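Since the structure comes first, as structure tokens, the remarks are kept for the end.
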Amino acid sequence: MNERVTTESLEPGVTPASTRKRVTLLWLLMPLVVLGLAIAWLYSANPLSSFNNGAPPVENLTVERTILDQSGFRLLVRAGGSEPMKIAQVQVDAAYWEFTQTPAGPIARGDTAWISLPFPWMLGEAHKVTFVTNTGAAFDHEIPVAVPTPAVTSANLVAQALLGAFVGILPVAIGLMFYPALRGAGQSTMNFLLAMTIGLLGFLLVDTIEDALEFAGESAAIFQGPAMVVLAAAASFLLLMGVSRRGGRPSGLALATYIAIGIGLHNLGEGLAIGAAFAAGAAGLGTFLVMGFTLHNITEGIGIAAPILKVRPPLWTFAGLALLAGGPAVIGMWIGSLAYAPQWSALALAIGAGAILQVVIEVSLYLKRSDGRGSSMMLSPPVLAGLAVGVGFMYATAMLVKI
């Protein structure tokens, strides 16, 4: 019996499985080996040297963080040139100043360094810092209003947490408190509330993309800001869409949770921006502005409650939804005040935009299913009114928080 099996395995034209795997592995490795040899030849032979006409390398410098204290200026810079770049001189208001760099030496592509200047800045004045490299390239950075950067202390972090809870968690919780009054709503009111949810989320989507692209424009060119925003938003949308469809189309508490996640990711990006404003000493958050943030977010709580009006979840569910939607504002403020960079705000907002788009689609499909009339219902007066109220309220309250 064993002799017959051995003879069959050696029949002409039959390749053992182990041999096929080795051949497949060889064909996978061969392109990589060729690529490695090509790169090695490029570095050793340097065929590009014949094109060198003596022009200096392309250089790029971005200031990601500015700290003002009693010792002067400290600026975190990121290099983005084609070659390591060296900062030779630094000017403040067209006058040269001694500076120290940490770490010292040329700054490699994508790396950062702290530049410290013992400049006697004046409170409330504007200053212009110019970095001059050893090739003669100059990069300007404006400080519109010189104010001391707040120190990171436990008291400041607690104050930020309270403010984040006031503008993030509290308004969502207030919106959720409308749940008992809305439970007896008829189908037309349900359609109005769901359409209002779509309207407010649609406004958040546009606002989030706009803010993400703005921060992307401020980030270093090496991060390819606009492309990063588009790719992160698409990845967030596809990931959440895949997760939400594992058990069928979401409805009820599942849909409310996805709405809270989308709003929470948006609030995370907003919190990063507010935290950065604290770190720069330029928060300017007066009582009027805080109230504007609060009113702006109350409708979000109503939108979260809309899909669960036909169910009766336990009380702790509402607390969890409020924390999920509003809590990221606190986390964002902390991260923004401790380690802010524009590319991280752009990335967080892009992820939030993808999540909000996924929720808009799911709520729209849920609205069509809940009424039973299909697509024609989307043009009914309650739905159109809800869309208008959602967008209109968010737009009106956004006017209070834009400065």
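Just so it is clear, the model here is predicted, and its values are computed rather than measured.
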Rounded to the nearest 0.5 Å, how far does [atom2] of [Y] lie from [atom1] of [X]?
X: Leu157; Y: Gln160; atom1: CG; atom2: CD; answer: 5.5 Å
X: Asn60; Y: Met85; atom1: CG; atom2: CE; answer: 7.5 Å
X: Leu201; Y: Ile356; atom1: CG; atom2: CD1; answer: 6.5 Å
X: Leu349; Y: Asn267; atom1: CG; atom2: CG; answer: 10.0 Å
X: Phe203; Y: Leu387; atom1: CZ; atom2: CG; answer: 14.5 Å
X: His266; Y: Asp207; atom1: NE2; atom2: CG; answer: 5.0 Å

For [X], is the [atom1] atom crowded, meaning more than 12 foreign heavy atoms sit under 6.0 Å from it?
X: Phe178; atom1: CZ; value: no
X: Leu28; atom1: CG; value: yes
X: Glu125; atom1: CD; value: yes
X: Glu142; atom1: CD; value: yes
X: Met177; atom1: CE; value: no

Pair Arg78 + Asp111: basic N to acidic O under 4.0 Å: no
Taking the side chain as everything from C-beta on, heavy atoms only, tell me whether [X] gets closer than 4.5 Å to [Y].
X: Thr66; Y: His141; answer: yes
X: Glu210; Y: Thr208; answer: no
X: Leu68; Y: Pro148; answer: no
X: Glu59; Y: Asn134; answer: yes
X: Ile87; Y: Phe99; answer: yes
X: Tyr96; Y: Thr130; answer: no
X: Phe223; Y: Leu347; answer: no
X: Val129; Y: Phe119; answer: no

Which atom pairs, donor and acceptor, lie under 3.5 Å between side-chain atoms of residues 320-332 and protein residues at least two apart or in another chain?
none

Closest approach of [X] and [Y], non-hydrogen atoms and distance?
X: Ala146; Y: His127; answer: CB-CD2, 3.8 Å
X: Pro226; Y: Ala216; answer: N-CB, 4.0 Å
X: Leu205; Y: Ala353; answer: CD1-O, 3.3 Å
X: Glu98; Y: Leu117; answer: O-CD2, 3.6 Å
X: Ala212; Y: Ala350; answer: CB-N, 4.1 Å
X: Ile198; Y: Ser364; answer: CD1-OG, 3.4 Å

Identified side-chain contact (heavy atoms from CB on, under 4.5 Å) partner of Gln101 from the options Val90, Val77, Ile115: Ile115
I'd like to know if the side chain of [X] and the backbone of [Y] have a donor-acceptor N/O pair within less than 3.5 Å.
X: Asp93; Y: Lys128; answer: yes
X: Thr317; Y: Pro313; answer: no
X: Thr257; Y: Leu253; answer: yes
X: Ser219; Y: Gln343; answer: no

Short side-chain donor-acceptor distance under 3.5 Å, Thr112 and Glu64: no
side-chain contact (heavy atoms from CB on, under 4.5 Å) assessment of Ile222 paired with Arg109: CA-CA 8 Å; Ile222 191 174; Arg109 174 180 171 84; 3.9 Å; yes
Parallel, tilted or perpendicular: rings of Trp121 and Phe73 (30°, 60°):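 The rings of Phe73 and Trp121 lie parallel, inter-plane angle below 30°.
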Derivation of the side-chain contact (heavy atoms from CB on, under 4.5 Å) call for Phe192 and Val389: CA-CA 9 Å; Phe192 173 85; Val389 169; 3.9 Å; yes
Full working for side-chain contact (heavy atoms from CB on, under 4.5 Å) between Val229 and Phe215: CA-CA 10 Å; Val229 169; Phe215 284 115; over 6 Å; no
ring-ring contact (aromatic ring centres under 6.0 Å, His included) against Phe131, all qualifying residues, sequence neighbours excluded: none
